[in-house]
Amino acid sequence: MSLDKLLDEVRARPLPRHVALIMDGNGRWAKRKGLARAEGHRQGALAAERLIRFLGKERLVPYITLFAFSTENWSRPREEIEFLFRLLEGFIREKLRELAEAGVRLRLLGDPRPLPARLRAAIEEAVAATVGNDALHLTVALNFGGRWAILEGVRRALSQGISPDKLEEESFRRLLPSGELPEPDLIIRTGGHLRLSNFFLWEAAYAELYFTPILWPDFDERAFLEAIRDFQGRTRNFGRVVP
Ligand code: FPP
């Protein structure tokens, strides 16, 4: 089926509001091609750019979240971590104008404090420059972990002196670092592993999960639309009985 036909089909049915992506498989993509892991990450950044551009143009999904660096990724070799941070910084600096003009609003999700100052500055600048946009809410999860996020919510609740009997699911949800985003409807993981790897935990409670063996650098517009089409074929009952 042509991409346009697939796009029409997908548009004809209810779309998710928030899609979150675990971008896995850059290293294996590079290894299969006999290339350095860094090249896999470079191609991974291009795949992310292609998806952002597509969604900015097509306006299919208003919120996307990309899991770019987890709290566990600090255990990778230092050179790889530094390369990833430089890649992200370069991406943000080079694409800021295009992102801003396309109506993209960038957010950071994660603890920025351990990140290099240059990367933090690039992010802060991009976040501030795009704060008024709302064509596509792009959240980059960086130094993010699902457990960290829950603890952060608990810390905020404690520091606000909220009493235990006043702590409810909806008010707690808004205390989470992801509190201003809608809950993800669909979480896509590329690269073939069937797990969440400490990505969204609280937020994933009712998300549909979609796993594909496609390695992240190969994840293109068609692969994204196929994931959406799969999502559209599911019955979401949020724990209720569906008549
Ligand atoms: C996993 O591949 C990927 C990451 C560690 C994330 C890096 C993400 C990018 C480079 C995309 C950039 C994102 C933006 C927003 C521009 P892996 O190294 O874990 O692969 P493997 O499991 O095959 O080793």
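Ligands are counted one by one from 1 in listed order, and the atoms in each one are counted from 1 as well. Heavy-atom basis, side chains included; hydrogens, waters and symmetry copies ignored.
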Check your understanding: Using 30° and 60° as the class limits, which term best fits the ring planes of W216 and F219: parallel, tilted or perpendicular?
Key ->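 It falls in the parallel class, under 30°.
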Residues [X], [Y]: salt bridge by 4.0 Å N-O rule:
X	Y	result
R86	E89	no
R173	E169	no
D220	R222	no

Practice item. Report all protein residues having a heavy-atom distance below 4.0 Å to some atom of ligand 1; order the list by chain, then number. Key: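 If the criterion is a heavy atom under 4.0 Å, then ligand 1 touches M23, D24, G25, N26, G27, R28, R37, H41, G44, A45, A48, L66, A68, R76, L84, L87, L88, F91.
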Practice item. Hydrophobic side-chain clustering at under 4.5 Å (ILVMFWY, transitive links): who's grouped with L46? Put none if nobody. Key: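 Cluster partners of L46: none, it stands alone.
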Practice item. Report yes if the distance between the aromatic ring centroids of F67 and F200 is under 6.0 Å, otherwise no. Key: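 No, they do not, as the ring centres are separated by 6.0 Å or more.
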